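Just so it is clear, the values below take in all heavy atoms, side chains as well, and ignore hydrogens, waters and symmetry mates. Just so it is clear, the structure is predicted and the values come from calculations on it, not from any experiment. Lettering follows sequence order; numbering is per chain, from 1.
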Amino acid sequence: MSSFSEEDAFEGAMSLSQRAMRQSAPPYLDGLNPAQRAAVEALEGPVLMLAGAGTGKTKALTTRIVHLLCTGSARPNEILAVTFTNKAAREMKSRIGGQLGEAVEGMPWLGTFHSICVKLLRRHAELAGLKSNFTILDTDDQIRLLKQLVAAANIDDKRWPARMLAGVIDNWKNRAWTPENVPVGESSAYDGKGVALYAQYQARLKELNAVDFGDLLLHVVTIFQQRPDVLEQYQRWFRYILVDEYQDTNVAQYLWLRLLAGGHRNICCVGDDDQSIYGWRGAEVGNILRFEKDFPGAEVVRLEQNYRSTGHILAAASGVIAANKGRLGKTLFTDGEDGEKVRLIGHWDGEEEARWIGEEIEAMQGGTRGMAPVSLDDVAILVRASHQMRGFEDRFLTIGLPYRVIGGPRFYERMEIRDAMAYFRLAVSPDDDLAFERIVNTPKRGLGDKAVQTIQRTARANGVSLVEGARLAVEAALLKGKGAKELRNLVQSLDRWHAQVRAEADTHVELAEMILDESGYTGMWQADKTPEAPGRLENLKELVKALEGFDNLQGFLEHVALIMDNETEEHGAKVSIMTLHAAKGLEFPAVFLPGWEDGLFPSQRSMDESGLKGLEEERRLAYVGITRAERLCTISFAANRRVYGQWQSALPSRFIDELPEDHVDVLTPPGLYGGGYGAAGMAGGLGVTGGLNDAMTQRVRDADGYNSPGWKRLQSRSQQRGMSQPRESRNVTIDLTAVSAFTEGDRVFHQKFGYGEVMAIEGDKLDIEFDKAGSKKVVARFVVAAEQADDVPF
DNA sequence: CTAAACTACCTTTTT
DNA sequence: GGTAGTTTAG
């Protein structure tokens, strides 16, 4: 058994703690408020740090670590500090480094649950029936594997999709249930075959020497439970445990922590029950609510002084969250000013909402309401569901407002990246069957289901990997025609690449480029004329660039499995568009919260599936949204919205009713929904869900911006800014060059809409008839000549 | 085996 | 309305 390796545990330890020891008076405690200080100084025993939004939680957490080091309570390698995301871990590392005045290389156990579990599991792999070089499968591999098992079990995967099984299994793993431990109550899952398939899946993973994300936790917990000697080793080693975002932990993570803290109980959990928004993926708010029971004698520290938002914003958020039951309870306050009230505005439909927000953002750039001009980087639009983003993208594209979408498919989850990675994986380890299956017919080689089945049969009959199976199949001439030739070619190429990896003849970057080239993979995308193709080639280029940061392909593959970040630094200020979930932990001077309509937010599905619990989680989401705003928070809703192509009318969100009136500025023109305080009036006024009738429509039109003081204010501001006219004055220099670049009839390419033809030119805008997307008005600088789109070099 | 036609679905997402 | 996944025709 690979016992505790002293070298790596001690790495960097000495210099760091020595440096820390020298500071006798702790200046790092100076900038803390009393609560933060209490949380930092309570080193021994269990501590629950209830940290409201914007209360300096990370500061307290990192200072606590600094304090541990400086008091000599622990060496850097004896502190276990767990986060959920790599980003949070990085942030903590750099802040600790900043406070100590040097980089922290010596904290090997500061990381995500998953990355720490990988480390532990590699050391004790054999206790889980694995080899220490096991591979980590992502969701995609997982599904493909399950599909095979489902097919083998003769299950109609129409009625019982593999995805569903994956969900069921994930759920069980989140609860730390091995196949043997799944309770009888669950035996009806997946048509009664869930447990059996789960067991098969685990067996298959073992055969493949692979684990999925859930296994990382599950295996380690299982090892700890079955091997007290191993557990004890780590209980002693990790003298202090710190956990970030405790409200997001699932049962497996909770058990893992409780096991590790079992000896000394020096565990400090930081979290905010009001920001628990991941219940749907296994997080148990109960963990944080139960903390004092789990760890009797725990000290509970509340961080309630908010340093982020103005008084009105804070009050509005507090008002909403107050409607939730079973909270641990916190009262946020600020010493800062009240600032602007939270703004509330209703719109006729989603398009108008997007238009209005676009104009507001443009107005803000010049400075309004006593606010200094705001950079686009300071503005965020937070939506409940990602499909809401498109309306904003379309609108911003046409008015030429730069934006960035945060979230969406991660870099390493994109198809082209995963394909390329599969090639690399095969070059490194030719027995990676999942990788082989992925690329055997990508690019198209004339090797379809049948050919793959033949290969699989041959491989299984001979007890070898798929690549070897393919080789045998070729030799035995089991395939004919184009497929046979192509497969022979592929096998030879794989041999060659593998030999080169081992010989280290070329640099790994050159090798990677060569693989992508020789496999025909880049060629495939170069030949592809869909709008996505150039972007995909761009991504491949980026992937190769990312390789440069590693010593070899193996090292790269090793790291990529767990680090799914896509923090590409783009230059230029942009508005951020993201989901409320993605916004947790972030802050922006100005925040827009559109789509506050019942059914959309709170989401109907959430309420149907989880009832009051679901509603409360949605409410916490509202709380998270509002508390992202530093100075200006604007909530909006639309009376009508196109949902699945169908126009639907909706009532304003019930959360709007919960906003405390004193802290809200209603911009909706009176008369729009029967006057009075927007939401309440509207909900009552509309009665049935039938939506706005014609008379109501007329009132909206009549009211359109001429009577209400609030509306007038907006109107006049718009006029000052020239909002109602086309913005021909903006970006003049850029636009002129851009305009001169095109004439009517030009073929052009647009990143989002694809290829098209310029039909007309008005100032900086082009009327383009897109091949696929129809006719659109687009700002010239978002378009390139069609020829340029073709030769994206690799 | 591939391309076109058809149909069922439609939160939130990290590792 | 749009896409992903599947069926059907070439």
Length of the OH-P vector between A:Y412 and B:dT14, whole Å: 15 Å
Sugar-phosphate, base or nothing in reach of A:E618, heavy atoms under 4.0 Å: base
C:dG5 to B:dT12 separation - C1' atoms, rounded to the nearest Å: 23 Å
Ring-base stacking, A:W280 with B:dT12 (5.5 Å, 30° cut-offs): yes
A:K444 side chain, from C-beta outward: closest of B:dT2, B:dT15, B:dT11: B:dT2
A:R619 charged N/C atom sitting above A:F655 aromatic ring, 6.0 Å / 45°: no
Test: A:R281 cationic atom under 6.0 Å from A:Y278 six-membered ring centre, within 45° of axis: yes
Gap between atom CG of A:L80 and atom CH2 of A:W109 - 0.5 Å precision: 8.0 Å
Nearest-Å distance for atom pair CZ/P, residues A:R281 and B:dT12: 13 Å
Polar side-chain atom of A:N324 near backbone of A:R327 as donor-acceptor pair, under 3.5 Å: no
Side-chain N or O of A:N441 closer than 4.0 Å to phosphate OP1/OP2 of B:dT2: yes
Separation of atom CD in A:Q247 from atom C1' in B:dT14, rounded to whole Å: 14 Å
Nearest-neighbour nucleotide for the A:K450 side chain, B:dT11, B:dT15, B:dC1 considered: B:dC1
Donor-acceptor side-chain pairing of A:D138 and A:Y412 below 3.5 angstrom: no
For atom CZ of A:R90 and atom C1' of B:dT14, their distance in whole Å: 13 Å
Between C1' of C:dG5 and CG of A:D449, the distance in whole Å: 14 Å
Length of the CZ-P vector between A:R163 and C:dT3, whole Å: 17 Å
Out of B:dC1, B:dT11, B:dT15, whichever nucleotide has its closest atom nearest the side chain of A:A451: B:dC1
Any donor-acceptor N or O pair under 3.5 Å, side chains A:D215, A:Q202: yes
Within 6.0 angstrom of A:R144 CZ, more than 12 heavy atoms from elsewhere: yes
B:dT11 base / A:R384 side chain donor-acceptor hit below 3.5 Å: no
First encountered from the 5' end of DNA chain B, between A:T139 and A:I277: A:I277
Proximal nucleotide (of C:dG1, B:dT11, B:dT15) relative to the A:R642 side chain: C:dG1
Please enumerate all protein N or O atoms sitting under 3.5 Å from an N or O of nucleotides 5-10 of chain B, with distances to 0.1 Å.
none

Side-chain N,O (A:T579) to OP1/OP2 (B:dT13) below 4.0 Å: yes
Between B:dT11 (P) and A:Q604 (CD): distance, integer Å: 13 Å
CD/A:Q148: more than 12 non-hydrogen atoms of other groups inside 6.0 Å: yes
Short side-chain N/O contact from A:S386 to OP1 or OP2 of B:dT12, under 4.0 Å: yes
Residue closer to the 5' end of DNA chain B, A:K482 versus A:L580 (nearest nucleotide): A:K482
Interatomic distance, A:R390 CZ vs C:dG1 C1' [rounded to whole Å]: 7 Å
Assigned glycosidic conformation for B:dT12 [threshold 90° from 0]: anti
